[in-house]
Undergrad: 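Got a structure for you, questions after.
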Number of protein chains: 2
Amino acid sequence: MMKSFIHVEPESHFSIQNLPYGVFRPVKGGKPRIGVAIGEYILDLSVIEGAGLLKVTGLIQDGIFAQPTLNAFMALGKDVWSKVRGRIQQLLSEEEATLRDHLALRDAAILKMSDVELLLPAQIGDYTDFYASKEHATNVGTMFRGKENALMSNWTHLPVGYHGRSSSVVISGTDIHRPKGQMKPKDADAPIFGPSKQLDIELEMGWFIGPGNEQGKPIAAAHAEEQIFGLVLVNDWSARDIQAWEYQPLGPFLSKSFATSISPWVVPLEALEPFRVDGPNQDPTPLPYLHKNKASTFDIHLEVHLKGKDMEQSQKIISTNFSYLYWSMAQQISHHTVAGCNLRPGDLLASGTISGSKKEERGCLLELTWRGSEPIKLTNGEQRVWLEDEDEITMTGWCQGDGYRVGFGELTGRILPVID
Amino acid sequence: MMKSFIHVEPESHFSIQNLPYGVFRPVKGGKPRIGVAIGEYILDLSVIEGAGLLKVTGLIQDGIFAQPTLNAFMALGKDVWSKVRGRIQQLLSEEEATLRDHLALRDAAILKMSDVELLLPAQIGDYTDFYASKEHATNVGTMFRGKENALMSNWTHLPVGYHGRSSSVVISGTDIHRPKGQMKPKDADAPIFGPSKQLDIELEMGWFIGPGNEQGKPIAAAHAEEQIFGLVLVNDWSARDIQAWEYQPLGPFLSKSFATSISPWVVPLEALEPFRVDGPNQDPTPLPYLHKNKASTFDIHLEVHLKGKDMEQSQKIISTNFSYLYWSMAQQISHHTVAGCNLRPGDLLASGTISGSKKEERGCLLELTWRGSEPIKLTNGEQRVWLEDEDEITMTGWCQGDGYRVGFGELTGRILPVID
């Protein structure tokens with residue numbers, strides 16, 4: 001097993017097998033730039049590139065890692081990503097002396113993670129959210145329309161999705177104020193205005209688009225994975241009471257667009273290859289443009305933890321897996337572009353809530369508490385149906401290798417009271 | 001009445017009372033830059049600014065009109081916009097010698113419109129589409145759910161809207177390929193895949209956002225108009241067969257995101273002030289955060305013309321008015337931000353289809369042909385229910401002053417056959 005000269009604990013998410021990309025700014029000052037995570041450290045790629053150590057690829061422009069976003073690198077495509085990744089892995093390996101034995105360069109290029117602030121990894125042109133979990137869509141449908149009409153008739157034929165809001169995508173650690181809005185209580189004659197009382201999370205994963213496509217030229221499913229630069233965790237905060245009143249007939253709007261949180265480290269698709277697995281069987285067989293390759297998903301263990309303001313420790317409330325999703329990432333990309341819509345470098349697509357068949361695998365509070373009828377019991381004796389002020393949510397996820405992990409780190413967000 | 005030393009026909013849309021902003025590139029070469037339209041000419045603001053003639057405002061940074069988008073200028077806010085506009089109006093007026101008598105500067109700064117290519121006026125971060133016409137929502141609802149259930153219960157309480165796709169917003173003159181997609185014929189057991197057979201237009205207007213707001217800090221309705229930089233015409237191309245199959249429960253997606261066309265000249269809100277009028281009465285009275293000022297809309301005459309490939313001349317098929325919209329722009333902005341969503345300079349909001357109470361005032365083919373049951377008769381003997389290949393659509397609109405017009409020019413788009 002490949003090892004780095006930088007110490008990495010076996011349970012660290014950031015092994016030399018991972019090397020996720022992120023944008024950071026040293027706490028002591030300096031411009032935003034690009035690095036990779038390794039153990040509890042960050043390798044500053046702007047320094048490594050500046051030292052001439054990434055020239056081997058012959059393909060990247062000068063200063064591409066000194067930029068404040070990954071967009072330009074994302075635009076270069078799979079071959080360049082693979083070469084750069086291979087070179088960084090080589091530079092960090094315990095057998096390679098170039099960086100290991102160059103103490104001045106190590107000093108300049110390797111920072112403690114605790115000494116930096118992590119920023120949004122890309123300028124997100126458009127953000128799209130899907131609804132790709134059959135268990136989630138079935139649960140929600142059952143609650144709102146009954147068991148017989150749980151899944152809409154289109155659901156098994158196409159990956160249902162909608163345009164989200166890119167301006168309000170925020171990085172892990174950003175506090176979220178409870179949103180206000182219109183809602184209509186069950187027995188009221190008219191809507192009321194006030195703070196949302198049904199604030200929820202949605203455990204999702206998102207992926208950043210690479211080169212993208214020209215308007216009018218769809219991406220074939222067989223080539224769609226080439227467009228995936230890497231993956232992050234996504235918390236699609238949702239105000240269920242606002243959503244219920246606003247969503248017909250044009251879909252969710254303000255109930256989602258107040259904030260969407262993402263994790264800072266973008267895990268390259270290549271790092272997930274050892275964990276590739278089959279997704280669920282698809283019946284009926286999708287139309288040809290949605291053709292699914294054999295093993296089209298990845299075994300990524302996912303967890304959500306909640307910590308109320310009076311709790312000493314956070315408590316795990318959800319435990320599920322990315323591979324449960326019915327529609328693959330490639331199918332979602334292919335569908336997104338089939339009518340001609342163009343994707344651009346840095347665009348973010350997300351899966352929708354990831355739920356499994358067991359109760360603890362349900363990816364949002366709406367499902368987990370079955371619309372409030374089965375409150376979550378917390379260790380300190382409290383209960384939760386929806387999020388309360390000061391609740392802190394932490395999402396995490398990783399692939400378990402033999403003696404190492406390829407993980408996504410943490411995605412945290414805390415609910416602050418409504419702003420008056 | 002103020003006049004310019006540049007000749008402007010009374011029926012020209014680009015009087016000195018208008019002075020809309022656009023981004024252009026000379027056909028003979030050069031970088032994109034910002035200008036205003038005047039008659040059949042463009043005043044190159046990068047040249048005027050470079051000559052030191054816009055310094056009077058004391059507020060704008062150097063080179064702001066040499067940029068390829070209006071975003072930086074949009075971010076400066078209402079007071080700066082007003083000062084700059086006043087100064088340009090002064091420079092173009094027939095009484096002012098500065099530019100009028102400086103032949104070398106006139107030569108450098110004034111271009112024929114036919115000598116330039118017009119580009120997208122802004123980098124659009126997010127694009128939002130509303131559904132603000134009561135006549136349109138009622139017509140569509142009647143066709144799909146019957147007269148008794150035409151309007152959803154939320155419609156009169158909030159401006160229904162959804163997130164659109166910003167990557168596929170294109171400038172007037174861009175040809176649009178007929179989209180392909182999934183659709184489900186009425187009596188079929190399963191969906192099919194193929195070219196859309198129900199391709200439609202939607203006559204809308206859009207407005208660009210100025211400074212915007214911080215996430216979590218809503219824009220009050222009383223201040224929302226200060227956020228409007230200016231207005232454009234919008235054609236929200238729609239594939240009705242794809243839409244009908246995909247839109248539940250998360251709203252329209254691929255049926256709209258293949259292309260949205262906008263007109264190139266952004267008419268400043270200030271230029272519309274003489275045409276301010278009352279909008280429709282709102283019953284029930286909206287919640288306080290949606291408070292409407294007395295005269296909250298503008299008398300803008302709007303038309304749509306269609307030209308089939310075998311027609312010698314285009315034919316007017318729609319004639320309506322912006323002031324028919326039920327929800328005001330200020331209400332739509334206020335609603336958009338009330339839960340905390342942030343708007344950024346250059347974001348585009350659009351009204352949704354603008355329909356009136358008369359048949360010729362219906363703003364899309366779906367309504368105009370009442371879902372195909374009342375085909376449009378064309379002058380060459382053909383009929384239209386939906387758009388055919390090679391059909392060219394031209395939208396236009398203007399405010400009629402006393403001896404002058406404040407207009408939007410033309411928004412054209414032609415349907416090309418599906419790409420194989």
Side-chain angles (χ1 to χ4, degrees), chain A residues 125-129 131 141 152-154 157-158 160-168 170 176-177 179-182 184 190-193 196 212 215-218 239 242 245-255 257-259 284 287-289 335-336 338-344 347 419, chain B residues 125-129 131 141 152-154 157-158 160-168 170 176-177 179-182 184 190-193 196 212 215-218 239 242 245-255 257-259 284 287-289 335-336 338-344 347 419:
Chain A
D126 279 293
Y127 159 52
T128 304
D129 201 15
Y131 193 52
M152 296 271 186
S153 59
N154 58 8
H157 294 282
L158 56 81
V160 171
Y162 71 106
H163 305 296
R165 178 84 193 174
S166 65
S167 72
S168 53
V170 297
I176 310 295
H177 283 278
K180 289 179 285 192
Q182 265 197 47
K184 191 157 174 289
I192 58 168
F193 179 80
S196 169
Q215 198 164 353
K217 302 203 173 156
I242 297 174
W245 174 234
E246 75 171 1
Y247 89 102
Q248 282 187 316
L250 301 185
F253 184 42
L254 307 188
S255 54
S257 62
F258 62 93
L287 282 160
Y289 81 92
H335 182 65
H336 201 320
V338 77
C341 181
N342 52 324
L343 304 180
R344 297 174 294 189
D347 282 353
I419 300 180
Chain B
D126 280 291
Y127 159 52
T128 304
D129 201 13
Y131 193 52
M152 296 269 185
S153 59
N154 58 8
H157 294 282
L158 55 81
V160 171
Y162 71 106
H163 305 297
R165 179 84 192 173
S166 65
S167 73
S168 53
V170 297
I176 310 294
H177 283 279
K180 289 178 287 193
Q182 266 196 47
K184 191 156 173 288
I192 59 168
F193 179 81
S196 169
Q215 199 164 352
K217 303 204 172 156
I242 297 174
W245 174 235
E246 74 172 1
Y247 89 102
Q248 282 186 316
L250 302 185
F253 184 41
L254 307 187
S255 55
S257 62
F258 61 94
L287 283 160
Y289 82 93
H335 182 66
H336 201 321
V338 76
C341 182
N342 52 324
L343 303 180
R344 297 173 294 187
D347 283 352
I419 301 180

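Each chain gets a letter, A, B and so on, in the order the sequences are listed, and its residues count up from 1. Below, each value reflects all heavy atoms present in this structure, side chains not excepted, and no hydrogens, waters or symmetry copies.
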Undergrad: If I measure from the heavy atoms of chain B, does A/Ala239 come under 4.5 Å with its side chain, its backbone, both, or neither?
TA: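 The answer is neither part of A/Ala239.
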Undergrad: Just verifying a value: how many Å separate A/Ser166 OG and B/Asp347 CG, rounded to the nearest 0.5 Å?
TA: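 So the OG of A/Ser166 and the CG of B/Asp347 are separated by 7.5 Å.
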Undergrad: Taking B/Glu246, B/Gln248, B/His177 one by one, which has the highest count of heavy-atom pairs under 4.5 Å against chain A?
TA: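 Of the candidates given, the most pairs with chain A belong to B/Gln248.
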Undergrad: For the candidates B/Tyr131, B/Tyr247, B/Phe193, B/Trp245, which exhibits the highest count of non-hydrogen atom pairs separated by less than 4.5 Å from chain A?
TA: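 Ranked by heavy-atom pairs under 4.5 Å with chain A, first place is B/Trp245.
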Undergrad: What residue, out of B/Ser196, B/Cys341, B/Ala259, B/Pro179, has the most heavy-atom pairs lying under 4.5 Å from chain A?
TA: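 Ranked by heavy-atom pairs under 4.5 Å with chain A, first place is B/Cys341.
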Undergrad: Let me confirm one number: the NE2-CG distance from A/His163 to B/Asp126, rounded to the nearest 0.5 Å.
TA: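 Here the interatomic distance stands at 11.0 Å.
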Undergrad: Using side chain to side chain contact (heavy atoms under 4.5 Å, CB included), reason through B/Thr128 and A/Arg165 one step at a time and then give a plain yes or no.
TA: CA-CA 9 Å; B/Thr128 304; A/Arg165 178 84 193 174; 3.3 Å; yes
Undergrad: Do A/Tyr162 and B/Tyr162 have their ring centres less than 6.0 Å from each other?
TA: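 Aromatic pair excluded; centres sit 6.0 Å or further apart.
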Undergrad: Any side-chain heavy-atom pair from A/Pro249 and B/Val160 closer than 4.5 angstrom?
TA: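 Of all side-chain heavy-atom pairs linking B/Val160 with A/Pro249, at least one is under 4.5 Å.
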Undergrad: Of the listed residues (B/Pro252, B/Gly141, B/Gly340, B/Gly161), which shares the most heavy-atom pairs with chain A below a 4.5 Å separation?
TA: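 Of the options given, most contacts go to B/Gly161.
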Undergrad: In terms of heavy-atom proximity below 4.5 Å to chain B, should A/Leu250 be classed as side chain, backbone, both, or neither?
TA: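 When you check distances to chain B, atoms from both the backbone and side chain of A/Leu250 fall under 4.5 Å.
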Undergrad: I need the residue from B/Gly181, B/Gly164, B/Gly125 with the largest number of non-hydrogen atom pairs under 4.5 Å to chain A.
TA: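 Heavy-atom pair counts peak at B/Gly164.
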Undergrad: Using every non-hydrogen atom in the two residues, find where A/Ser167 and B/Gln215 come nearest and quote the distance to one decimal.
TA: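 Closest heavy-atom pair between A/Ser167 and B/Gln215: O-OE1, 4.3 Å.
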Undergrad: Pick one of side chain, backbone, both or neither for A/Ser153, based on which atoms fall under 4.5 Å of a heavy atom in chain B.
TA: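 Both backbone and side chain.
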Undergrad: Side-chain contact test, heavy atoms from C-beta onward, threshold under 4.5 Å: evaluate it for B/Lys180 versus A/Tyr289 and give yes or no.
TA: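 No; the side chains remain at least 4.5 Å from each other.
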Undergrad: Rounded to the nearest 0.5 Å, how far does CD of A/Gln182 lie from CG of B/Leu287?
TA: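 It comes to 4.5 Å.
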Undergrad: So B/His335 and A/Phe253, do their side chains get closer than 4.5 Å, heavy atoms only?
TA: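 Yes - at least one pair of side-chain heavy atoms lies under 4.5 Å apart.
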Undergrad: Counting only non-hydrogen atoms closer than 4.5 Å, does B/Leu158 touch chain A with its backbone (N, CA, C, O), its side chain (CB onward), both, or neither?
TA: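 Its backbone and side chain both get close to chain A.
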Undergrad: Counting only non-hydrogen atoms closer than 4.5 Å, does A/Ile176 touch chain B with its backbone (N, CA, C, O), its side chain (CB onward), both, or neither?
TA: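 No part of A/Ile176 comes within 4.5 Å of chain B.
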